[in-house]
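Proteins get letters first, then strands, A, B, ... in listed order; numbering begins at 1 in each. Note that the coordinates shown come from a computational prediction; the quantities given were computed from them, not determined experimentally.
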Number of protein chains: 2
Amino acid sequence: MASVESKAALDLLVRRLERIGHLSDEERRAVGNLPAKIQTLRPRQDIVLDKEKPEHSCLLVEGWAYRYKLLGQGRRQILSFHVPGDMPDLHSLHIKTMDHSLGALTEATIAFIAHEALLDVTRRFPGLAGIMWRETLIDAAIFRQWIAGMGQRDGFGRMAHLFCELYCKLEAIGLAADHRCTLPITQTELGDALGLSSVHTNRVLQEMKAQSLIELRTRTLNITDWDGLVQVAEFDPSYLQLAQ
Amino acid sequence: MASVESKAALDLLVRRLERIGHLSDEERRAVGNLPAKIQTLRPRQDIVLDKEKPEHSCLLVEGWAYRYKLLGQGRRQILSFHVPGDMPDLHSLHIKTMDHSLGALTEATIAFIAHEALLDVTRRFPGLAGIMWRETLIDAAIFRQWIAGMGQRDGFGRMAHLFCELYCKLEAIGLAADHRCTLPITQTELGDALGLSSVHTNRVLQEMKAQSLIELRTRTLNITDWDGLVQVAEFDPSYLQLAQ
DNA sequence: CGCGTGATTGACCTTGCTCAAAACGAGTGG
DNA sequence: CCACTCGTTTTGAGCAAGGTCAATCACGCG
């Protein structure tokens, strides 16, 4: 059960939770002993589908994931992007039926942890419960930002804001520095996240390059004018709760 | 301390929590003994402001409330509407700094409950903690619906969806029936919630009346063709978790 | 009766969509 | 190494949704 990979995954989880709040030795141990099933996924492979009632939540160990909702006429709205350390379906612990789908964006390593085990831990350690609760609340804060963006910002501003957000999340876990990071998503996906058509997404992206705010080639984003990007995005990272 | 109003407010809270999950006698008692400060607010009066660090969460006892974010250039995005029984800033229990503001929409009665007391109860009763956690997760599910709507639906569809959502929430707490309910919001506010200008909001509203889907006069919404409205909204109420 | 807020209308403009085609680019089989 | 392919990016042209500005209207209230 305690394979090398699952140990590493739970270590990652412990570090993640500690970034949010303090853990006692006992709590650390309890998390470290959670049963985790490791699985590797292909790019674009689904993890949980809308309407399903999963029995476990997953910890993203490596790679990117995304949540999305399908609407009629082939429309798709991407709701969030996730990076290593995230638990994108932690909410299923208390809301049994999925209201959206979750998929891997890149090749990804996932650790599945049974709800039963997670619930047991939250019952025994209210502090841990609070930290996990907080995780889901940060998620909700990000949703609020997205709502504000979709309602009040134009495509340019929304894209700028998303780039700022993703860069900050990646930097916080050591996967980005120097305003440079990977961006393993197609323009169509970017559009589905921003509520723009792929054609318009492409044009906004070009405009952003033309203004020397970013460079983008072979799935690598280079933010050449961070301050400028922050300004057009009206970006304030406090909602991400990343302060160490 | 245990005034008549605060007793009534905590009764409301107990009923609300019981609609979400089962409470033991002991848990019911603990909730009933929470210290609650009752306050009455004028229409449009703010309750908590962006950036503040509230020391208590509030239970909306009577009237409507709304959450909103202000952006530059006087833009405002309304993030949610709240009805009696809701705890619109329960999240501040675990995220200290507000990332948006909360205000009364109508004259409203609010019960403030200190974080300290709430945290204590959640520590002693993991079951209660789970139910409150679930409350905030339902909130997040509503945010996801709004994101999907803003990204993928046009103004007409968004408004239809919002009307369906509000009616269902009101019906669930006995404040609406026969597809009829009060709607104490101006068209400007409706527009700020849907990401539309007030001018366009007005035109969409007229179109919706012209199609005989709704009637609207003196702050009263009458959904004359519920099935039709549900259809154009692609509305599925399961995300609201209202099943009894 | 006069005020003030909210609703409504018209004219014009911008953002972003659709359709359709072309251009790239990385990987594959020959 | 080349031809081919499939997924993605890019471009053009025309159109629709929704914004802005500026009046005007309606109505509840003191």
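- Here the C1' atom of nucleotide dT15(C) and the CE atom of Met159(A) are 14 Å apart, to the nearest Å.
- Taking the side chain of Arg203(B) as heavy atoms from C-beta on, and the options dT9(D), dT15(C), dG19(D), the nearest nucleotide is dG19(D).
- As judged by a 4.0 angstrom heavy-atom cut-off over every strand, Arg44(A) is placed among residues making no nucleic acid contact.
- We find that CG of Leu196(B) is positioned 11 Å from P of dT20(D), with the value rounded to whole Å.
- Val204(B) comes within 4.0 angstrom of nothing in the nucleic acid, heavy atoms only.
- For the side-chain contact (heavy atoms from CB on, under 4.5 Å) test with Leu137(B), the passing option among Ile95(A), Asp139(A), Leu137(A) is Ile95(A); the others fail.
- A salt bridge does not link Glu171(B) with Arg180(B): every distance from a Lys NZ or Arg NE/NH1/NH2 to an Asp or Glu carboxylate oxygen is 4.0 Å or more.
- OP1 or OP2 of dA7(C) has at least one side-chain nitrogen or oxygen of Arg219(B) nearer than 4.0 Å.
- Taking atom CD of Gln206(A) as the reference point, atom C1' of dT8(D) lies 13 Å away to the nearest angstrom.
- For Arg153(B), no side-chain nitrogen or oxygen approaches OP1 or OP2 of dA17(D) to under 4.0 Å.
- Between Arg75(B) atom CZ and dT20(D) atom C1' the separation is 15 Å, expressed in whole Å.
- What you find for Leu242(A) and Ala172(A) is that their closest heavy atoms are CD2-CB, 3.8 Å.
- Ser197(B) comes within contact range of at least one nucleobase, with a heavy-atom separation under 4.0 Å.
- For Tyr167(B) and Trp226(B), the ring centers sit closer than 6.0 Å to each other.
- Here Leu205(A) lies out of heavy-atom contact (under 4.0 Å) with every strand.
- Considering every non-hydrogen atom in both Asp89(A) and Ser57(A), the closest pair reads O-OG, 3.0 Å.
- Both Thr218(A) and Thr201(A) sit near DNA chain C, but only Thr201(A) has its closest nucleotide nearer the 5' end.
- Between dT8(C) and Asn202(B), a contact under 4.0 Å exists linking OP1 or OP2 to a side-chain N or O.
- The aromatic ring centres of Tyr66(A) and His82(A) sit 6.0 Å or more apart.
- With rounding to whole Å, Leu190(B) atom CG is found 12 Å from dT8(C) atom P.
- Between Ser198(B) and Gly155(A), the residue anchored closer to the 5' end of DNA chain C is Ser198(B), taking for each the nucleotide with the nearest heavy atom.
- For Gly228(A) against Leu213(A), the heavy-atom pair with the smallest separation is C-CD2, 3.8 Å.
- Side-chain proximity of Val199(B) to the nucleotides dT9(D), dA7(C), dT20(D) is greatest for dT20(D).
- In this structure, the helix from dC1(C)-dG30(D) to dG30(C)-dC1(D) shows an angle of 30° between the axis at its start and the axis at its end, each fitted on 5 base pairs and rounded to 10°.
- A straight line from CG of Leu194(A) to P of dT15(C) spans 17 Å, rounded to a whole angstrom.
- Gly195(A) comes within 4.0 angstrom of the backbone, heavy atoms only, and of no base.
- Of the listed nucleotides (dT11(D), dA7(C), dG19(D)), dG19(D) has the atom at the smallest distance from the side chain of His200(B).
- Rounded to a whole Å, the CD atom of Gln152(B) is 10 Å from the P atom of dT18(C).
- Judged purely by atom type and a 3.5 angstrom limit, Thr224(B) uses its side chain to pair as donor or acceptor with the backbone of Ser212(B).
- Here dC27(D) presents its C1' atom at 16 Å from CZ of Arg217(B), a figure rounded to the nearest Å.
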